[in-house]
Amino acid sequence: MKNQPISGNDLARFSGPQSFMRLPQVDSAAGLDVGFIGIPMDIGTSWRSGTRMGPKQLREQSAMIRPYNIQTGAAPFDALQCADLGDVPINTFSLSDTIRIITETYAAHLRHNFIPMTLGGDHTLTLPVLRAVAGKHGPVALVHVDAHADVNDEMFGERETHGTVFRRAYEEGIITADKVFQIGLRGTGYTADDFTEAAGWGFNQYLAPDLWHKSLSPLAAEIKAQIGDQPCYITYDIDSLDPAYAPGTGTPEIGGLTTPQAMELIRGLRGLNIVGCDLVEVSPPYDPSGNTALTGANLMFEMLSILPGVPYR
């Protein structure tokens, strides 16, 4: 019998453990297929802080989610052994040390054969996670859903921040450039070539206005065909959604994706060889309703539902 989320019919959803979907909390990834890991940090942000509280509220809101995806038929807990591995013990006074701690923590966990699903935390965390994941699987394909390309060379002289992640990942060869898909890009920039430089590296970029009023299922099918069976990492910045849907984030940009589009995109990626996922940039202080974290927790469940080995009923 695989671990099961505690049922709301057995224990009221506002009580019980503060783990993701009220799953068991464990110290080791041994025996797991999927491990949820929190990285409570916001020292890599450049505008509004608060994402250090993201993992806590994502877990809180996940208590509402039931184990069977009635919309798609996915039953992840029937086949995958899932648990919550707690939070990475970051150094909240040092970004560079935190990056080191994240890589070492994930490398240690990845001695076991499981898929890490990360609750963020600001987007800086994806770089050290990718370093550990690529250390195990080699360079990965990347589905990056975000308002921002995060390909700056530096920010205030710092080369590792939430806005430089994918330039560093490209330079280090831990992602495969022509299998990087950046979806939902928009907003304003500093120069006309803010996005085009990364396109020159081979990144595939999809601006939000080109996706307005469209289903994203065809795009997901196109991405899946191009990635093939290469190990793939999904990084989902909640600011990819329009702030009407997800105001609780550090760098909001109007004109973003809708929640149905977000769900279509994830569901359409079923069949990829996914080796890791994250959901980042949830900043609870900017959404006291909790709806941004509720949306983020549900998108985590959608990503869980498309992992390899999940049965569909």
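Residue numbers run from 1 in the order of the sequence given.
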Query raised in the report: Where the side chain of Q205 meets the backbone of F195, is there a donor-acceptor pair that is under 3.5 Å apart?
Result: yes
Query raised in the report: Please, which pairs that meet ring pair (Phe, Tyr, Trp, His ring centres under 6.0 Å) have at least one residue in residues 228-274, sequence neighbours excluded?
Result: none
Requested in this report: In plain terms, say whether D87 and R59 are close enough for a salt bridge, that is, a side-chain N and a carboxylate O under 4.0 Å apart.
Outcome: yes
Query raised in the report: Which pairs pass ring pair (Phe, Tyr, Trp, His ring centres under 6.0 Å) with one or both residues in residues 69-114, sequence neighbours excluded?
Result: none
Requested in this report: Tell me, please, which residues at least two apart from H123 pass ring-ring contact (aromatic ring centres under 6.0 Å, His included).
Outcome: H144, F166
Query raised in the report: Out of curiosity, R13 CZ to I65 CD1, how far, rounded to the nearest 0.5 Å?
Result: 9.5 Å
Query raised in the report: Can you find a side-chain donor-acceptor pair between D278 and T235 that sits under 3.5 Å?
Result: yes
Requested in this report: Could you name each residue pair satisfying ring pair (Phe, Tyr, Trp, His ring centres under 6.0 Å) that touches residues 12-38, not counting sequence neighbours?
Outcome: F20-F36
Query raised in the report: Is the side chain of T51 donor-acceptor paired with the backbone N or O of E281 at a distance under 3.5 Å, no angle test?
Result: no
Query raised in the report: Which pairs count as ring pair (Phe, Tyr, Trp, His ring centres under 6.0 Å) when at least one residue sits in residues 294-313, sequence neighbours excluded?
Result: none
Report task. Flag the pair R48 / P252 as yes when at least one side-chain heavy-atom distance between them is below 4.5 Å, and no otherwise. Result -> yes
Report summary line: Residues at least two apart in sequence or cross-chain that pass salt bridge (charged side-chain N to carboxylate O under 4.0 Å, His left out) with E264, listed by chain then number, are none
Query raised in the report: Taking side chain as C-beta onward, heavy atoms only, is L32 less than 4.5 Å from L85?
Result: yes
Query raised in the report: Quick check: does any side chain N or O of R22 sit under 3.5 Å from a backbone N or O of S15, one acting as donor and the other as acceptor?
Result: yes
Query - Heavy-atom donor-acceptor pair, Q230 side chain to I227 backbone, under 3.5 Å - result: no
Query raised in the report: Within the distance-only criterion (no hydrogens, no angle test), does the side chain of S19 pair as donor or acceptor with the backbone N or O of L23 below 3.5 angstrom?
Result: yes
Query raised in the report: Can you tell me how far CG of D237 sits from CD of Q182, rounded to the nearest 0.5 angstrom?
Result: 11.5 Å
Requested in this report: Taking only Lys NZ, Arg NE, NH1 and NH2, and the carboxylate oxygens of Asp or Glu, determine whether R168 and D153 approach each other closer than 4.0 Å.
Outcome: yes
Query raised in the report: If you measure only the distance, is there a donor-acceptor pair under 3.5 Å linking the side chains of D287 and T292?
Result: yes
Query raised in the report: Under 4.0 Å between a Lys/Arg side-chain N and an Asp/Glu carboxylate O for R100 and E104?
Result: yes
Report task. Say whether, by atom type as modelled, one donor and one acceptor occur between the side chain of E60 and the main chain of Q18 under 3.5 angstrom. Result -> no
**Report entry** Exam field: side chain R186 to backbone G184, donor-acceptor pair closer than 3.5 Å
**Finding:** yes
Report task. Might you point out which heavy atoms bring C232 and L272 nearest each other, and give the distance in Å? Result -> SG-CD1, 4.0 Å
Requested in this report: Kindly say whether C82 contributes a backbone atom to a donor-acceptor pair with the side chain of D33 at under 3.5 angstrom?
Outcome: no
